[in-house]
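Just so you know, ligand 1 is whichever comes first in the structure, and atom 1 is the first atom listed for that ligand. Since the structure is predicted, the reported quantities are computational estimates derived from the model, not experimental observations. Values below: all heavy atoms of this structure, side chains included; hydrogens, waters and symmetry mates excluded.
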Amino acid sequence: MLATWSFSARGCNLAWPNLKFGGGALDAVCTVAREAEANSEVDSVGFGGFPDVIGRMSLDACVMLSPERCGSVCAVTRHLHVADLARLVMERTSHVMLVGEGADSFADALGMPQMELLSADARQAWERWRAGATSTRQTDQGVDSGKIFSQSSSLAPSLAPSPPSPIGEKHIPHDTVGVLAIDTHGVMAGACSTSGMPFKLAGRVGDSPIPGHGIYVDPEGGGAVATGIGEFIMGVSGSFLAVECMRRGSTPLDAVREVLQRIERRHKPLAHQQVGIIAVAPDGKWSAGALCPGFAVTIAEESGIRCIAPEFVLRQES
Ligand code: GLY
């Protein structure tokens, strides 16, 4: 089992014993997503995530077993466990994606509990950000969330990356929890869950809930999940591209390299703009890569659970 960022370690610790002794891959990836969604210290997923420009939370998620079996929800505003909700879309409907009020109503109909998704800390971060945006004469309607990351951190102090951890991880508040697992029966599953870009325009949806962009799983090619700036990932169908590369014979390392090089070439990201991607081949071989230093991967395998830097970083620090 492989997951984005070190904050996934708690979920991997919960899911691993069951996965190791015969539990299903889909249960495992949903456990990891659920733990991040409930963790108020993770400011990019579930409760604790940062809201949109008008201070409203909206969550996106996707689960995937194969091109024929996936489920997704976007812009959920009243329910926390959106990866589970995406799974229910997959298991209980003939659709792939439910959006907004329709997704929340579906959750209501299934008896999922409603809750306030905006934490006190996230509200404070939004208020600080709003004060900074106002002082630079940006209005709510005028903020282009795609440009937030090109602003100096003085505009949005809460967006400054944290100091690097011992493994070099620099957490930025824009990080999907993405997880891929293969169970003892050989079934591969993936899940991702996010609150999206912090202070995004109302209605903005990124890559995470869209099969082929933030996540893709095809037992014949492998699985991939991306994290970081969704607009870049969507522009190159990042996860599909990684899986397609593996289907055509690339190693997971070459597949993540191809995705990141394509993003670099087409989007020309700024130095601090991050995309990370993890990829697993059907035989279990895996790799991870990122545009710039600071990404981390949690890996759960026979020898234990650890957080490591990705194998490939496109722009190494000089
Ligand atoms: N990668 C998450 C997002 O851009 O919404």
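Of the inter-residue distances, the one linking Ile215 atom CD1 with Ile210 atom CD1 reads 12.0 Å to the nearest 0.5 angstrom. Here the straight-line distance linking atom CG of Leu314 with atom CD of Glu264 works out to 5.0 Å at 0.5 Å rounding. Going from atom CE of Met188 over to atom OG of Ser66 covers 11.5 Å, rounded to the nearest 0.5 Å.
Between Asp207 and ligand 1, an N or O atom pair is found at a separation short of 3.5 Å. The shortest N/O to N/O separation between Ile233 and ligand 1 does not fall below 3.5 Å. Checking only distances, Asp60 never comes within under 3.5 Å of ligand 1, N or O to N or O. Taking any N or O of Ile229, backbone or side chain, none lies under 3.5 Å from an N or O belonging to ligand 1.
Using a 4.0 Å cut-off to heavy atoms of Gly206, the atoms of ligand 1 that qualify are 5 (O). Every atom of ligand 1 with a heavy atom of Gly230 under 4.0 Å away is listed here by number and element: 4 (O). Shown in contact with Gly228 at under 4.0 Å from a heavy atom are these atoms of ligand 1, numbered in order with element: 1 (N), 2 (C), 3 (C), 4 (O). Against a heavy-atom cut-off of under 4.0 Å, Ser208 is close to the following atoms of ligand 1: 1 (N), 2 (C). Heavy-atom contacts of Thr176 reach the following atoms of ligand 1: 1 (N), 2 (C) (cutoff under 4.0 Å).
In this structure, the side chains of Ser58 and Lys200 come closer than 4.5 Å at one or more pairs of heavy atoms. Side-chain contact between Val243 and Val217: absent, with no pair of heavy atoms (C-beta onward) separated by less than 4.5 Å.
The aromatic rings of Phe295 and Trp5 sit perpendicular, their planes meeting at an angle over 60°, well past the 30° parallel limit.
At a heavy-atom distance under 4.0 Å, only side-chain atoms of Arg204, from C-beta outward, approach ligand 1.
Sequence neighbours left out, not one pair with a member in residues 78-119 passes ring pair (Phe, Tyr, Trp, His ring centres under 6.0 Å). The ring pair (Phe, Tyr, Trp, His ring centres under 6.0 Å) contacts involving residues 233-268 comprise Tyr216-Phe240, Phe232-His267, where partners must be two or more places apart or lie in separate chains.
For Gly214, the heavy-atom gap to ligand 1 stays at 4.0 angstrom or more.
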